[in-house]
Visitor: 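Quick one: this structure, given as structure tokens, is what I'll be asking you about.
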Amino acid sequence: MPKMIISIDGTVIGQMALAKDRTTLGRRAYNDIVLDNLAVSGEHAVLHMRGGDVEIEDLNSTNGTYVNAIVVQKQQKLKDNDVIEIGGCRLHFRARGSQASEAGSKRNARGEYPASVPLSAAPTEAGALLELGMPVLRVLSGADQGQEVPLQKVVTTIGKPGVAVAVVTRRRQGYMASAIMGGVTLNGAPLGADPVELQESDVLELGGATRMQFVRV
């Protein structure tokens, strides 16, 4: 059975078997594969299963859908090992999953595949998560100003593909930030690929447009 293996910054976050004729991808919770990232549109793309073939279609997303670094214009047939990029997330297409690898896919208590695979935290209204004592990135400027991105996942990707993308990784010693692409700064200094530990009130700036502050209670 075809499947998608989802990863961020080389870390596999989850995988999902493509058992439906139509599988949706996007930031909204009702999608089959949920990519809760600020660079992903609410309804970003859709996978069509036609016989033994799988095609991907971009749903007029803001930042586009890419297959092997080439933008998808309409519908595009996927080949084994194709790499799909959506909002800083990578989905590796496997035309046929082995029984062993499919057994490792995320399932519920009854052994069934879930309806959706959330990858990172969705932005919420300011202050709501601080009451729970959860570290967040508070958006100080940009289109999502006033919202907060909870850092509840191992890897949280932020930014806009083609402009600037960064990743925050939860480790035993704390939360580490590193740049993936574009101009990313931490407290005004350029941030590179080497992870830097975030401290209370640190400010990440992406592409000179979006500023986010690390807050931990």
Visitor: How far does CG of Leu91 sit from CG of Asp82, to the nearest 0.5 angstrom?
Guide: 11.5 Å
Visitor: For residues Ile180 and Thr157, determine if any side-chain heavy atom of one lies less than 4.5 Å from a side-chain heavy atom of the other.
Guide: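 Contact flag for Ile180/Thr157 side chains = no.
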Visitor: Side-chain contact test, heavy atoms from C-beta onward, threshold under 4.5 Å: evaluate it for Glu43 versus Thr24 and give yes or no.
Guide: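 A side-chain contact under 4.5 Å is absent here.
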Visitor: Side chains of Ile84 and Leu78: closer than 4.5 Å at any heavy-atom pair?
Guide: yes
Visitor: Judged by atom type as modelled, is there a donor-acceptor pair below 3.5 Å linking the side chain of Asp58 to the main-chain atoms of Ala45?
Guide: no
Visitor: Between Lys160 and Leu206, is a side chain to side chain contact (heavy atoms under 4.5 Å, CB included) present by the stated rule, with each step listed?
Guide: CA-CA 8 Å; Lys160 182 178 182 180; Leu206 300 101; over 6 Å; no
Visitor: For the atom pair CG (Asp202) and CG (Leu186), what is the distance rounded to the nearest 0.5 Å?
Guide: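 Here the rounded value is 5.0 Å.
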Visitor: For Ser141 and Arg211, indicate whether the former's side chain and the latter's backbone hold a donor-acceptor pair under 3.5 Å.
Guide: yes
Visitor: Using the rule given for side chain to side chain contact (heavy atoms under 4.5 Å, CB included), can you reason through Met49 versus Thr23, listing the C-alpha separation, both sets of side-chain angles and the distance that settles it, and then say yes or no?
Guide: CA-CA 8 Å; Met49 182 94 73; Thr23 301; over 6 Å; no
Visitor: Short question: side chain of Ser178, backbone of Leu191 - any donor-acceptor pair under 3.5 Å?
Guide: no
Visitor: What's the spacing between Ile56 CD1 and His44 NE2 if we round to 0.5 Å?
Guide: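 Those atoms lie 8.0 Å apart.
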Visitor: If you apply the rule side chain to side chain contact (heavy atoms under 4.5 Å, CB included), what do you find for Glu200 with Val215, and how did you get there?
Guide: CA-CA 6 Å; Glu200 182 72 18; Val215 181; 3.7 Å; yes
Visitor: Indicate yes or no: at least one non-hydrogen side-chain atom of Arg170 is less than 4.5 angstrom from one of Leu151.
Guide: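 A side-chain contact under 4.5 Å is absent here.
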Visitor: Could you pull out the closest heavy-atom pair between Asn187 and Ser201, with the gap in Å?
Guide: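 Closest pair (atom of Asn187, atom of Ser201, distance): OD1-O, 4.5 Å.
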Visitor: Measure the CG-CD1 distance between Leu47 and Ile33 for me, rounded to the nearest 0.5 Å.
Guide: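 The CG atom of Leu47 sits 6.0 Å away from the CD1 atom of Ile33.
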Visitor: Give me the atom names and distance for the closest heavy-atom approach of Ala95 to Asp80.
Guide: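 So the minimum-distance heavy-atom pair works out to N-OD1, 2.9 Å.
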Visitor: Between Val167 and Met181, is there a shared hydrophobic cluster once you connect ILVMFWY residues whose side-chain heavy atoms come closer than 4.5 Å?
Guide: yes
Visitor: Taking Arg138 as the fixed residue, which of Gln145, Glu148, Gln147 is the one that meets the side-chain hydrogen bond (donor to acceptor under 3.5 Å, both in side chains) rule?
Guide: Glu148
Visitor: Please collect all side-chain hydrogen bond (donor to acceptor under 3.5 Å, both in side chains) contacts where either partner lies in residues 84-93, sequence neighbours excluded, each pair once.
Guide: none
Visitor: What's the separation between atom CD in Gln73 and atom OG1 in Thr65, rounded to the nearest 0.5 Å?
Guide: 11.0 Å
Visitor: In this structure, which one of Lys77, Glu57, Arg22 forms a side-chain hydrogen bond (donor to acceptor under 3.5 Å, both in side chains) with His48?
Guide: Glu57
Visitor: As an exercise, state the distance from CE of Met16 to CE of Met4, rounded to the nearest 0.5 Å.
Guide: 10.5 Å
Visitor: Take Thr156 and Tyr175, measure what side chain to side chain contact (heavy atoms under 4.5 Å, CB included) needs, and give me the verdict at the end.
Guide: CA-CA 10 Å; Thr156 301; Tyr175 289 79; over 6 Å; no
Visitor: Closest heavy-atom contact between Leu18 and Phe93?
Guide: CD1-CE1, 4.0 Å
Visitor: Hey, does the side chain of Asn31 reach the backbone of Val46 with a donor-acceptor pair shorter than 3.5 angstrom?
Guide: no
